[in-house]
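Worksheet for the structure shown next.
Order of the sequence lines fixes the chain letters, A, B, ..., with proteins taken first and strands second; residue numbering starts at 1 for each chain. Heavy atoms only: backbone and side chains are in, while hydrogens, waters and symmetry mates are out.
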Number of protein chains: 2
Amino acid sequence: MARVEGVTSIVDAIAMDLRRQLFRGELSTDEPLTEASVSEQYEVARPTAKAAIEKLVSEGLLVRGVHRSARVPVLDAADARDIYGTRADVESIVLRRLAARRTVPDEARRANAEIAALGEASALDVVDPDMRFHTSLVDAMASPRLSRAYSSLASEVRLCMAQVQGNSLLSTALIHAEHERLLALVEGGDADGAVSLLERHLARARERLVGVLGGTPGPEAAWSDDVSQLGGA
Amino acid sequence: MARVEGVTSIVDAIAMDLRRQLFRGELSTDEPLTEASVSEQYEVARPTAKAAIEKLVSEGLLVRGVHRSARVPVLDAADARDIYGTRADVESIVLRRLAARRTVPDEARRANAEIAALGEASALDVVDPDMRFHTSLVDAMASPRLSRAYSSLASEVRLCMAQVQGNSLLSTALIHAEHERLLALVEGGDADGAVSLLERHLARARERLVGVLGGTPGPEAAWSDDVSQLGGA
DNA sequence: CCGGTGTACTTGACTGACAAGAACACTTGT
DNA sequence: ACAAGTGTTCTTGTCAGTCAAGTACACCGG
């Protein structure tokens with residue numbers, strides 16, 4: 001039996017496929033994602049579809065009220081600011097530690113090489129190696145808790161990217177170049193320089209995002225949902 | 001109908017009660033927590049018990065392999081170091097921001113007053129207001145993502161405390177005094193001083209924990225579980 | 001035009017059942 | 001006697017069908 005690594009159950013497989021669709025922007029934020037539709041689409045029983053949906057809800061990739069269908073959350077400018085701000089905080093910590101050690105993970109180099117090889121491709125294609133670059137830096141700290149927290153942030157970043165799909169945020173070449181400089185600064189032990197560059201790097205992406213998301217000024221309806229869902233843990 | 005706030009479903013209610021038991025150390029780390037036992041204990045169907053267990057697994061409060069019963073994870077010294085290290089990183093960011101604003105949340109004062117009113121009570125009774133103190137500081141940033149990440153950490157801290165139950169880690173009076181000084185430093189805008197005090201504050205608690213946990217050198221069986229469960233998100 | 005009622009849709013939860021995987025004890029062969 | 005393979009049992013994974021409960025929306029009446 002050929003078995004895809006990491007997928008142990010049907011629920012996991014469905015959750016993974018839904019996640020993939022979410023990140024590619026193939027799921028509309030308008031129409032609700034009902035248990036029945038998922039159940040039908042993957043030809044599984046409703047409890048199985050329910051479990052997959054609840055998994056994504058617990059990851060923050062879907063929102064749902066009681067007795068209400070799950071929906072793809074509509075991220076607004078405030079969300080983008082919060083996500084990127086928290087990202088910057090976490091990654092700053094990481095960069096300082098890595099700069100003190102003067103080491104960068106090989107995976108970061110590989111991921112950035114992929115970005116360079118991509119040329120000026122679609123904006124969504126850059127997201128995958130880009131997030132792998134940043135994630136590999138966090139993982140280099142070998143802190144399961146920090147990696148877990150960052151993983152949650154990374155998911156929301158991808159959700160953001162999916163929702164502004166089509167609007168090329170930044171040039172592939174610029175991203176690659178800044179990553180390269182970032183690695184050089186870390187290897188040189190220049191913590192302040194690395195953090196400073198990172199904050200410019202993220203702030204620019206954030207401002208682009210806020211500009212696009214703010215353009216469609218959806219009211220802060222999603223805010224209360226986020227807060228209520230926060231009390232669960 | 002009288003309805004407990006926040007509890008919307010049976011699954012939530014059971015998950016909350018299991019969490020309470022976990023934090024009070026009433027669940028043994030040895031015997032597995034099977035779906036059947038939970039189902040029987042709360043007189044609900046097995047799918048309901050299953051959902052509650054999976055909720056706690058997704059929060060990291062229980063661990064489970066495929067086709068294996070859920071277990072209370074045995075935290076070792078490495079876990080305690082990771083949890084407290086990540087805590088220190090996150091809270092340092094928060095303190096710097098709060099110091100810049102020179103404001104502290106009222107909830108922090110209230111929580112610390114409770115600690116003082118506690119006298120030299122049981123170590124476990126201090127945990128609740130203590131975590132409320134620290135959590136209120138993070139929540140003051142009004143960042144849903146940061147609060148969510150910290151909430152996960154706080155849960156694991158409580159799990160730690162439950163597992164070293166009986167070993168009074170620190171004096172109630174000392175905790176209260178340091179919290180009070182922390183608030184004063186933040187209000188005075190002394191970011192470096194506040195961070196420095198916080199790190200001593202957490203490092204002391206951490207070392208006590210590591211001492212107790214390292215004393216019973218349980219093998220690193222829980223490590224691989226933690227890592228594998230990390231890839232899910 | 002506004003307010004209340006009723007209906008359809010969706011989820012929450014249960015019962016009962018079978019399949020599949022894992023751990024453990026047991027048996028068998030050397 | 002010991003090692004390896006086998007089988008049983010426990011637990012979870014998944015399914016089907018069903019009823020209850022809640023929400024949203026449309027419809028009707030004042």
Side-chain angles (χ1 to χ4, degrees), chain A residues 1-18 27-58 61-73 221 224-225 228-229 232, chain B residues 1-18 27-58 61-73 219 221-222 224-225 228-229 232:
Chain A
M1 281 292 195
R3 193 173 297 184
V4 182
E5 82 175 81
V7 176
T8 55
S9 68
I10 296 181
V11 172
D12 280 348
I14 295 178
M16 182 168 297
D17 197 68
L18 285 177
L27 259 45
S28 166
T29 62
D30 300 323
E31 55 206 51
L33 192 68
T34 67
E35 298 179 356
S37 69
V38 174
S39 155
E40 185 184 0
Q41 181 182 349
Y42 294 96
E43 295 180 340
V44 295
R46 192 162 66 95
T48 307
K50 179 192 188 69
I53 290 177
E54 277 174 351
K55 198 176 176 70
L56 295 191
V57 168
S58 80
L61 267 54
L62 293 176
V63 294
R64 164 152 78 163
V66 279
H67 281 286
R68 307 249 348 210
S69 303
R71 292 183 122 80
V72 181
S224 57
D225 279 8
S228 71
Q229 150 189 348
Chain B
M1 282 293 196
R3 193 173 296 181
V4 182
E5 82 174 81
V7 176
T8 55
S9 68
I10 297 182
V11 172
D12 280 347
I14 295 178
M16 182 169 298
D17 196 69
L18 285 177
L27 258 48
S28 165
T29 61
D30 300 324
E31 55 205 51
L33 191 67
T34 68
E35 298 179 357
S37 69
V38 173
S39 155
E40 184 184 0
Q41 181 182 348
Y42 293 95
E43 294 179 342
V44 294
R46 190 162 68 91
T48 308
K50 177 191 188 69
I53 289 177
E54 277 174 352
K55 197 175 175 69
L56 295 191
V57 168
S58 80
L61 268 54
L62 292 176
V63 294
R64 163 151 81 161
V66 279
H67 281 286
R68 308 253 339 191
S69 302
R71 293 181 120 80
V72 181
S224 58
D225 280 7
S228 71
Q229 151 189 348

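- For the atom pair A:L56 CG and A:R64 CZ, the distance stands at 10.5 Å (nearest 0.5 Å).
- For the pair A:I10 CD1 and D:dG13 C1', the interatomic distance rounds to 8 Å; values are reported in whole Å.
- Residue B:Q41 qualifies as enclosed at atom CD: its count of foreign heavy atoms under 6.0 Å is above 12.
- Regarding A:K55, its NZ atom lies at a distance of 11 Å from the P atom of D:dG13, rounded to whole Å.
- Considering only heavy atoms from C-beta on, B:D12 comes within 4.5 Å of B:K55 through its side chain.
- Atom pair A:E43:CD and D:dA16:C1' shows a separation of 16 Å (rounding to whole Å applied).
- At whole-Å resolution of the value, CD in B:E31 and P in D:dT11 are 12 Å apart.
- A distance of 4.0 Å separates CD in B:E35 from NZ in B:K50, rounded to the nearest 0.5 Å.
- If you take CD on A:E43 and CD1 on A:I14, they are separated by 10.5 Å, rounding to the nearest 0.5 Å.
- Following rounding to the nearest Å, A:R71 (CZ) and C:dC9 (C1') show an atom-to-atom distance of 13 Å.
- Between the side chain of A:T29 and the main chain of A:P73, no donor-acceptor pair closer than 3.5 Å is present.
- Rounding to the nearest 0.5 Å gives a distance of 10.0 Å between CG of B:L18 and CG of B:L61.
- Relative to the side chain of A:E35, the nucleotides C:dT11, D:dA16, D:dT11 differ in distance, and C:dT11 lies closest.
- A close approach under 4.0 Å does occur between a side-chain nitrogen or oxygen of B:K50 and OP1 or OP2 of D:dG13.
- Residues B:V72 and B:L33 are not in side-chain contact: their nearest non-hydrogen atoms beyond the backbone lie 4.5 Å or more apart.
- Contact annotation: B:R64 reaches the phosphate of D:dG13 (side-chain N/O to OP1 or OP2, under 4.0 Å).
- A donor-acceptor pair under 3.5 Å links the side-chain atoms of A:R71 to the main chain of A:D30, judged by distance alone.
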With 3.5 Å as the limit, what N/O pairs link the protein to nucleotides 17-20 of chain D?
none

Which protein N or O atoms sit under 3.5 Å from an N or O of nucleotides 5-8 of chain D?
none

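- Checking the phosphate oxygens (OP1, OP2) of C:dA23, a side-chain nitrogen or oxygen of B:R68 falls inside 4.0 Å.
- For the pair A:S69 and C:dT11, the criterion of a side-chain N or O lying under 4.0 Å from OP1 or OP2 is met.
- Counting only heavy atoms from C-beta on, A:E54 has its side chain closest to C:dG12 among D:dG13, C:dA13, C:dG12.
- A straight line from CG of A:D12 to C1' of D:dT12 spans 14 Å, rounded to a whole angstrom.
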